[in-house]
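Positions are given from 1 along the sequence. These figures come from a predicted structure and were not determined experimentally.
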Amino acid sequence: MTKPSIPASPASPASPAFSATGLTDRIELMQTFVRIVEAGSLSAAAAQLATTQPTISRRLQTLERSLGVRLLQRSTHAMKMTEDGERCYERAKELLAGWDDFENELRGARQHAEGALRVVVPHAFGQKQLIGPLAQFMRQHPRITVEWLLHDRAADFISQGIDCAIQVGEVNDPSVVAIHLAEVPRMTVVAPSVLAGRPMPRHPADLAELPWIAIPAFYRREVTLTHAHTGEQRQVSFRPQLVTDSLYALRNTAVAGLGVAVGSSWVLNEDVAAGRLVQLLPDWQPAPLPVCLLYPYARFQPARLRHFIDTMKEAMPAVVHQAVGWGASPS
C-alpha cells in the first residue's frame, strides 16, 4: 500500500521562497550579487566566477525573488543598484566576511588571522603610549594590515568602516561594546610664572582665583578633586581663559603660563620633573580617566579584531604603569 502524498503548502509572504534552500545556496546567491556589483556587469561577474552570463542572471533573479525586492536597475548600457540593492550589498559583504572568519576559525586558521583593521585612537595617546602595543600586535600577526587613525571625536563605526576604537574618558554610547582596559591618572599643574607674586594654593578653593585652561572632552567650567587620604571631595568652579580640544596643546599652553590645567599624568610628568610645571595640591587629585576599547555589537567578530582586543587587554595595564612611573609626583 502506498503512502498518500502530502501536498506542499504554498509559499507565504512571511516565508521567503528560499527558506527551504540550503545554506550553501544562499551564500552562493549573495556571493554572486556582491561579485556582480564589484565587477560592474553580469558578464564580467560570469567571467570571474568561471560560469555563464545566463547562470549569473538566473542567480540574481532568484535572489531578488527570494527577497521580494529589486536589487539592480539594468539597461542595455548601464547597471545601477537600487536603494534596496545598496542595503543588500553592504549587508551581504558583512555576512560573507563573517562566514569566512567562521570557517577559518573552525579550520584552525585563528593563529593566522589576516585582513585589514581600521582603528581609531586618541590623538595624543595614539602617537606615543599605544605605539608599543601596536608594534607588538603587528609583529605577532604579520598578515594583518592596520589603519591607525588619530582623532579625538567619537568614532562613526558604520559610515567610516571602523572596526574598533580606543577611547579615553567615559563611554555614553549604548550601541557599542565597551571593554575597560585601564585608568589614566591625572594631575593639576601650572607654570611657575603664573604663581609669581601669589601665595601657593593650599586648598581647592584657592584654585578658583587662578586663570584656567579647559579641555571640554574632560572638563570645561569645573573639576572635582578628591583628597587622597580622607576621601573628601571638593568642586572647583572657574571660567576658563583658553579652551582647547588637544591634550598636547593643553600641556604646551600650560607651560607657556596661560593657566592651570588638569591633564593626564603621563603627558605632564616630564614637565613637572623638569620644573617647567608645578603640580598643585598633590594630595587633592582629579579622578582618573578610564581607557576603553569600543566596537559595534555583532554576532561574530573577525579573528583579527579578537586578536587586537586580546593584545590591548594584556598590554594596557603595563602602558599606564610605565606612564605613571615617569617623573615621580611629590606626595
Any side-chain heavy-atom pair of Tyr219 and Trp212 under 4.5 Å
yes
Do you know which two heavy atoms are closest between Leu67 and Cys88, and how far apart they sit?
CD1-SG, 4.0 Å
Is it true that a side-chain atom of Arg186 and a backbone atom of Ala287 form a donor plus acceptor pair closer than 3.5 Å?
yes
4.5 Å side-chain heavy-atom contact, Met79 and Gln73:
no
When rounded to the nearest 0.5 angstrom, what distance separates CG in Asp206 from CG in Leu281?
7.5 Å
Any chance you could measure Leu247, atom CG, to Phe218, atom CZ, to the nearest 0.5 Å?
7.0 Å
Considering only distance and modelled atom types, tabulate donor-acceptor pairs under 3.5 Å from the side chains of residues 249-256, sequence neighbours left out.
residue : atom : partner : partner atom : Å
Arg251  : NE   : Asp271  : OD2          : 3.0
Asn252  : ND2  : Tyr248  : O            : 3.2
Thr253  : OG1  : Ala249  : O            : 2.7
Thr253  : OG1  : Leu250  : O            : 3.1

Please name the pair of heavy atoms, one in Ile166 and one in Pro122, separated by the smallest distance, quoted to 0.1 Å.
O-CD, 3.0 Å
Kindly determine whether Arg59 and Thr62 satisfy side chain to side chain contact (heavy atoms under 4.5 Å, CB included), including the steps that lead there.
CA-CA 5 Å; Arg59 290 178 189 171; Thr62 300; 5.6 Å; no
Would you say Thr244 and Ser246 are linked by a side-chain donor-acceptor pair, where the criterion is simply a distance under 3.5 Å?
no
Determine whether the side chains of Gln233 and Thr226 contain a donor N or O and an acceptor N or O closer than 3.5 Å.
yes
Ser264 side chain vs Val267 backbone, donor-acceptor pair below 3.5 Å
no
Tell me, do Leu149 and Ile162 make a side-chain contact under 4.5 Å, heavy atoms counted?
yes
Hydrophobic cluster membership, Leu289 vs Leu294, 4.5 Å side-chain cutoff:
no
Please check if Val171 and Val291 belong to a single hydrophobic cluster, counting links between Ile, Leu, Val, Met, Phe, Trp and Tyr side chain heavy atoms closer than 4.5 Å.
no
I'd like to know if Val243 and Leu207 are part of one continuous hydrophobic network [Ile/Leu/Val/Met/Phe/Trp/Tyr, side-chain heavy atoms within less than 4.5 Å].
no
Under 4.5 Å between side-chain heavy atoms, hopping through other hydrophobics if needed: is there a path connecting Val184 to Leu150?
yes
So with a 6.0 Å cut-off around CD of Glu314, is the heavy-atom count from everything else above 12?
no
Quick one: does Arg143's side chain get under 4.5 Å of Arg304's, heavy atoms only?
no
Minimal heavy-atom distance between Val236 and Pro204, with the atoms involved, is CG2-O, 3.6 Å
Heavy atoms from other residues, nucleotides or ligands near CD of Gln160 exceed 12 (cutoff 6.0 Å)
yes
Within this structure, what is the CZ-CG distance for the pair Arg65 and Leu29, rounded to the nearest 0.5 Å?
10.0 Å
pair Phe137-Met312: side-chain heavy atoms closer than 4.5 Å:
no
For Ala165 against Ala155, the heavy-atom pair lying closest together:
CB-CB, 3.9 Å
Could you check whether any side-chain N or O of Trp284 sits under 3.5 Å from a backbone N or O of Thr188, counting only pairs where one atom can act as donor and the other as acceptor?
no
Please report, to 0.1 Å, the donor-acceptor pairs under 3.5 Å made by any side chain of residues 173-181, with sequence neighbours excluded.
residue : atom : partner : partner atom : Å
Asp173  : OD1  : Ser175  : N            : 2.9
Asp173  : OD1  : Ser175  : OG           : 2.6
Asp173  : OD2  : Ser175  : OG           : 3.2
His180  : NE2  : Ala182  : O            : 3.3

Measuring from Asp152:CG to Phe125:CZ, what's the distance to the nearest 0.5 Å?
12.0 Å
Is it true that, when you exclude Glu86 itself, more than 12 heavy atoms of the residues, nucleotides or ligands shown sit nearer than 6.0 Å to its CD?
yes
Would a distance-only check, ignoring hydrogens and angles, find a side-chain to backbone donor-acceptor pair under 3.5 Å from Gln167 to Glu170?
yes
Kindly indicate whether the side chain of Phe308, heavy atoms from C-beta on, has any atom under 4.5 Å from the side chain of Val146.
no
Scanning both residues in full, the closest heavy-atom pair of Met81 with Gly85 reads SD-O, 3.6 Å
Run the side chain to side chain contact (heavy atoms under 4.5 Å, CB included) test on Met30 and Arg91 for me, step by step, so that the C-alpha distance in whole Å, both residues' side-chain angles and the decisive distance to 0.1 Å come before the verdict.
CA-CA 10 Å; Met30 287 191 293; Arg91 185 63 174 143; over 6 Å; no
Under 3.5 Å donor-acceptor, Gln53 side chain and Leu42 backbone
no
Distance col, row Arg26:CZ vs Leu95:CG, nearest 0.5 angstrom, shows 11.5 Å
If you apply the rule side chain to side chain contact (heavy atoms under 4.5 Å, CB included), what do you find for Val69 with Thr82, and how did you get there?
CA-CA 9 Å; Val69 296; Thr82 64; over 6 Å; no
Tell me whether Leu258 is reachable from Leu268 by hopping between hydrophobic residues (I, L, V, M, F, W, Y) whose side-chain heavy atoms are closer than 4.5 Å.
yes
Asp283 side chain vs Ala228 backbone, donor-acceptor pair below 3.5 Å
no
Taking all atoms of both residues into account, what is the closest heavy-atom pair of Met316 and Leu130, and its distance?
CE-CD2, 3.3 Å
Working for side chain to side chain contact (heavy atoms under 4.5 Å, CB included), residues Gln140 and His307:
CA-CA 9 Å; Gln140 292 174 343; His307 283 308; over 6 Å; no
Distance, nearest 0.5 Å, that separates OG1 of Thr145 from CG of Leu117:
8.0 Å
pair Ile56-Thr32: side-chain heavy atoms closer than 4.5 Å
yes
Compare all side-chain heavy atoms of Asn269 with those of Met187 and state whether any distance is below 4.5 angstrom.
yes
